[in-house]
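Taking it in order: structure first as structure tokens, then the write-up.
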Amino acid sequence: MKVLRIGIVGCGKIADGHAEIIQFLEGAELVAVCDREPLLAEQLAVRYGVPNWYSDLDEMLEKERLDVVHITTPPAVHLPITRQCAAAGASVFLEKPLALDAAQGRQIIQTIVDAGLQMTVDYWPNFDPPAMEFKRILASGAIGDTVHVEAFIGYDLAGKYGQALMSDASHWVHKLPGKLFQNMMDHIFNRIVPLLPDVEPEVHAFAFKRREGVRGDSSDELLDELRVYLRGGTVSAFGSLCSHARPVANTLKVYGTKDTIEVDFSNRTVVRVASQKYPSSLGRLIPPFQSAARYFSQGKNNVRAFRRYQFQYFAGMSTLLELFYAGIRDGSAPPIAYDEILRVMDVMDRVIEQVYPTGGRDARGEAGR
């Protein structure tokens, strides 16, 4: 197996997850990290035993001859960094959101295709064990044709990442056209879009701010609740990004013509919804026991995964990277189809246009200058 030489550009909080996973992947070696703030690059290199660190990307690319660069910077610079990496012959693994809009996303993909390289975006939850099990069930035809999809993403504004965002009005998320929603709603639509027919869907979005404004700066204007209805052909879907419901949830529910499946990404369960198959009061007694048995089975599976050291937070990223790196070695298709990535971005653009009609245009204009 060819050992791929890996680099990371952008040494903020999310880079830790990348560095940790790469260390345990066979056939990959993290040889360098880069950040325009030298101290950030140095601390990441020291903590993860990376031999080289840089504050200049061109220098890292020239000296290290990398096979893959993980781009963990804010999305406003993903396109120029991708161009630099492609010119140096390196494939790219990009953090979400992929770009400021679908037009930039297309340019990123085209840059990589023209260079004969590969890219993918870090939709790692879709490669977590419950997501992979759901894909197997779906492919088997067990749920029949998809009728309706519900995707729910919770966000904790009081959590580690939420506090970093809300305490700093200059945080890069505030500068996105879709602000908080754009940073998170990939996780909604990259689950819904693959289940819709390959047609342009109807998209109806609305958003509001539920919390009180307390800081007296631009962060007080951030919308924090999003609801989106989609319909493509005979399939409908509803997506929610919610900052106030508790517990903070991360779920997918797919209603099919044969069966209905619930995926809980936080609790790592994939369960078929129990139903009453027998009339009378006695028939209504059975479904709760069916549900309990199914959740108990999921619990046992999780214990086995834990004992095999397959229960870490970024387990899905590990699977996604293994598939991505394998494609680079053998020339096979990337783990996420490019047209699927762009369909997700097209939906995101339409949502942003509806919930931030003025702010979105201003943000894009500012980013383009």
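Values below: all heavy atoms of this structure, side chains included; hydrogens, waters and symmetry mates excluded.
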R343 and D198 ion-paired at < 4.0 Å: yes
Salt bridge present between K2 and D330 (N-O < 4.0 angstrom): no
Stepwise side-chain contact (heavy atoms from CB on, under 4.5 Å) check, M184 with K96: CA-CA 8 Å; M184 293 300 298; K96 58 84 191 166; 4.0 Å; yes
Donor-acceptor side-chain pairing of Q110 and R106 below 3.5 angstrom: no
For the student: nearest non-hydrogen atoms of Y123 and L320, plus distance: N-CD2, 3.9 Å
Any donor-acceptor N or O pair under 3.5 Å, side chains T269, N267: no
Heavy-atom closest contact (L66 atom, M60 atom, distance): CD1-CE, 3.9 Å
H18 ring center near F93 ring center (under 6.0 Å): yes
D145 with K258: basic N within carboxylate O range, under 4.0 Å: no
Residue pair V355 / L223: nearest heavy atoms and the distance that separates them: O-CD1, 3.8 Å
Worked check of side-chain hydrogen bond (donor to acceptor under 3.5 Å, both in side chains) between Q182 and Y356: CA-CA 11 Å; Q182 188 168 3; Y356 281 113; over 6 Å; no
CA sep, side-chain torsions, deciding dist, call: V149, K253, side-chain contact (heavy atoms from CB on, under 4.5 Å): CA-CA 6 Å; V149 184; K253 190 170 185 178; over 6 Å; no
Aromatic plane relationship, Y255 with H148 - under 30° parallel, 30 to 60° tilted, over 60° perpendicular: tilted
side-chain contact (heavy atoms from CB on, under 4.5 Å) against K300, all qualifying residues, sequence neighbours excluded: F296, R304
Trace of the side-chain contact (heavy atoms from CB on, under 4.5 Å) decision for Y229 with S236: CA-CA 8 Å; Y229 171 80; S236 61; 3.7 Å; yes
Over 12 non-hydrogen atoms of neighbours within 6.0 angstrom of NZ in K13: yes
Basic-acidic side-chain contact under 4.0 Å: E150, R191: no
Exceeds 12 heavy-atom contacts within 6.0 angstrom, atom CD of E62: no
With A245 via side-chain contact (heavy atoms from CB on, under 4.5 Å) - residues at least two apart: F152, C242
Salt-bridge contact R36-D56 (side-chain N to carboxylate O under 4.0 Å): no
Test salt bridge (Lys or Arg N to Asp or Glu O under 4.0 Å) applied to E133 and R136, step by step: CA-CA 5 Å; E133 175 62 19; R136 286 190 287 270; 3.0 Å; yes
Nearest non-hydrogen partners of A41 and C11, listed with the distance: CA-SG, 3.8 Å
D264 and N250: side chain donor to acceptor below 3.5 Å: no
Minimum heavy-atom distance L196-P201, with the two atoms named: CD1-CB, 4.1 Å
Parallel, tilted or perpendicular, as decided by the 30° and 60° cut-offs, for the rings of H174 and H171: perpendicular
Residues L230, V347; criterion side-chain contact (heavy atoms from CB on, under 4.5 Å); working and verdict: CA-CA 9 Å; L230 303 95; V347 170; 3.8 Å; yes
Separation between CZ of F181 and CD1 of I352, rounded to the nearest 0.5 Å: 10.0 Å
N-O pairing of R210 and E225 below 4.0 Å: no
Neighbour count above 12 (heavy atom, 6.0 Å) for F208 CZ: yes
Over 12 foreign heavy atoms within 6.0 Å of CZ, F311: yes
Neighbour count >12 (heavy atoms, 6.0 Å) for atom CZ, R307: no
CD1-CD1 distance between I6 and I8, expressed to the nearest 0.5 angstrom: 9.0 Å
Near-ring test Y313/W124, centroid separation under 6.0 angstrom: yes
Minimum side-chain heavy-atom gap V254-T260 below 4.5 Å: no
Separation between CG of D186 and CG of D122, rounded to the nearest 0.5 Å: 10.0 Å
Rounded distance (nearest 0.5 Å) linking atom CG of L180 with atom NZ of K209: 13.5 Å
Between Q290 and R272, a side-chain donor and acceptor under 3.5 Å: no
Residue pair L117 / G89: nearest heavy atoms and the distance that separates them: CD2-O, 3.6 Å
Charged N-O contact under 4.0 Å between R211 and D224: yes
